[in-house]
There are 2 protein chains.
Amino acid sequence: MTSDAVPAHAPLELENFLPYRLSILSNTVSQSIAEEYTGRFELSMTEWRVMAVLARFADLSAREVAERTRMDKVAVSRALARLVEAGRVDRSIHDGDKRRSVLKLSEAGWAIHDEVAPLAREHERELLARLDVAEREQLNRILDKLLAP
Amino acid sequence: MTSDAVPAHAPLELENFLPYRLSILSNTVSQSIAEEYTGRFELSMTEWRVMAVLARFADLSAREVAERTRMDKVAVSRALARLVEAGRVDRSIHDGDKRRSVLKLSEAGWAIHDEVAPLAREHERELLARLDVAEREQLNRILDKLLAP
DNA sequence: GATTTATAGTTTCACCTGTAACCATTTGCA
DNA sequence: TGCAAATGGTTACAGGTGAAACTATAAATC
């Protein structure tokens with residue numbers, strides 16, 4: 001039996017490494033939702049996120065959309081260009097500040113939103129169905145803590 | 001006061017929508033770890049993931065790396081090309097199956113691993129420091145359930 | 001044993017992404 | 001007022017990414 005002179009390496013156990021587990025879970029969930037709307041509506045995930053924010057908060061500027069979605073402002077700018085082009089978002093210019101845009105869902109945008117939102121909620125429901133009531137509360141509390149600034 | 005003839009839209013409350021919260025958390029965490037090694041070691045996130053898997057399980061094939069990292073096989077192929085080129089991974093050919101490659105970290109690869117791994121663990125520690133012991137156990141149990149196939 | 005089918009891995013293509021540079025407008029301040 | 005600094009948003013560039021096609025090898029079937 002050889003003595004262990006050289007200290008052993010200490011590889012991460014990825015399967016127990018929290019950042020890794022979060023990444024796998026998040027990608028799996030987001031992608032399974034995205035699969036449902038990308039095909040049906042020619043809607044990218046970033047576009048959907050922008051629409052979801054505008055559904056909840058009207059008359060935001062592009063910068064505010066970026067803040068709320070935590071997306072890059074360039075990504076938002078491009079998503080908005082496509083959404084406006086497709087007639088899903090109405091863009092006007094802010095009174096008194098010609099740099100700011102004022103954004104809201106169009107009728108067509110709302111129509112899509114009203115189909116996609118329940119679908120997204122259904123996925124969330126399926127995911128949460130794996131947990132009991134106590135666990136759901138725990139998860140919410142834990143996420144609140146981990147997401148706090 | 002106008003009567004509400006048209007049914008109201010029901011926008012998602014993104015800030016309480018589980019898939020969205022998971023996505024924000026996962027991106028924030030992964031990126032803050034990545035910031036530490038991308039600059040210092042010219043190492044992309046996908047490359048690091050490949051290295052982490054090869055640290056834990058030697059002599060995998062590219063396909064097995066893809067399975068374990070849950071990355072696309074094309075992404076793995078390219079990450080491996082860069083890692084082999086940089087001398088961080090040794091690639092040989094499987095005895096008895098000339099299609100398979102046999103991958104392992106090189107000395108240089110291990111040296112980098114041994115610097116990055118503690119750094120990643122430290123980030124995990126900082127994140128978990130926001131939770132008490134009970135919450136950490138709860139989180140683990142919950143993630144086990146949500147990640148089960 | 002020859003031929004079809006499956007598998008490992010790479011390349012191509014079309015697109016998405018972030019960083020940095022940029023333009024227009026507004027704000028701060030001397 | 002005039003001018004520097006800050007801000008909202010877009011564009012250019014340099015990668016990174018997945019789907020599909022492709023090459024090489026192995027396994028299955030006849």
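Just so it is clear: chains get the letters A, B, ... in the order the sequence lines come, proteins before strands, and each one is counted from 1. What you see is a predicted model; the values in this text were computed from it and never measured. Hydrogens, waters and symmetry mates play no part in the numbers below; they use all other heavy atoms, side chains included.
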Requested in this report: Measure up the W48(A) and Y37(A) rings against each other and bin them: parallel (under 30°), tilted (30 to 60°), perpendicular (over 60°).
Outcome: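 Because their plane-to-plane angle lies in the 30° to 60° range, the rings of W48(A) and Y37(A) count as tilted.
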Query raised in the report: Once you build an axis from the first five pairs and another from the last five of the helix from dG1(C)-dC30(D) to dA30(C)-dT1(D), how far apart in angle are they, to 10 degrees?
Result: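 Here the helix ends are tilted 20° relative to one another.
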Query raised in the report: Can you check side-chain contact (heavy atoms from CB on, under 4.5 Å) on M71(B) and T46(B), steps first, answer last?
Result: CA-CA 8 Å; M71(B) 285 165 42; T46(B) 61; 3.7 Å; yes
Does [X] have any salt bridge (Lys or Arg N to Asp or Glu O under 4.0 Å) partners at least two apart in sequence or in another chain, and if so, which?
X: E42(B); value: none
X: R99(A); value: D97(A)
X: R68(B); value: none
X: K145(B); value: E135(A)

Taking only heavy atoms on the protein side, list every residue of [range] lying under 4.0 Å from any atom of DNA chain D, sorted numerically.
range: residues 30-45 of chain A; result: none
range: residues 74-100 of chain B; result: V74(B), A75(B), R78(B), R82(B), G96(B), D97(B), K98(B), R99(B)
range: residues 46-73 of chain B; result: T46(B), D72(B)

Report task. Under 4.0 Å from any heavy atom of chain B: name the first and the last nucleotide of DNA chain C that qualifies, 5' to 3'. Result ->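 Footprint of chain B along DNA chain C, 5' to 3': dA6(C) to dT12(C).
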Donor-acceptor check, side chain of [X] to backbone of [Y], threshold 3.5 angstrom: yes or no?
X: T28(A); Y: I24(A); value: yes
X: S101(A); Y: L103(A); value: no
X: S30(A); Y: N27(A); value: no

Report task. Scan for salt bridge (Lys or Arg N to Asp or Glu O under 4.0 Å) pairs involving residues 25-38 of chain A, sequence neighbours excluded, and state none if there are none. Result ->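 Passing the test, one end in residues 25-38 of chain A: E36(A)-R40(A).
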**Report entry** Pairwise salt bridge (Lys or Arg N to Asp or Glu O under 4.0 Å) hits with a residue in residues 69-90 of chain A, at least two apart
**Finding:**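 Residue pairs passing salt bridge (Lys or Arg N to Asp or Glu O under 4.0 Å), neighbours aside: E47(A)-R82(A).
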**Report entry** Heavy-atom side-chain contact between L139(A) and L131(A) under 4.5 Å
**Finding:**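 Yes, side chains in contact.
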Query - Pairing of R63(A) and E67(A) as salt bridge, 4.0 angstrom limit - result: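 Yes.
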Query raised in the report: By side-chain hydrogen bond (donor to acceptor under 3.5 Å, both in side chains), which residues pair with S26(B), not counting sequence neighbours?
Result: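 S26(B): no side-chain hydrogen bond (donor to acceptor under 3.5 Å, both in side chains) contacts found.
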Query raised in the report: When L25(A) is tested against each of L25(B), I142(B), L146(B) for side chain to side chain contact (heavy atoms under 4.5 Å, CB included), which residue passes?
Result: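 Option passing the side chain to side chain contact (heavy atoms under 4.5 Å, CB included) with L25(A): L146(B).
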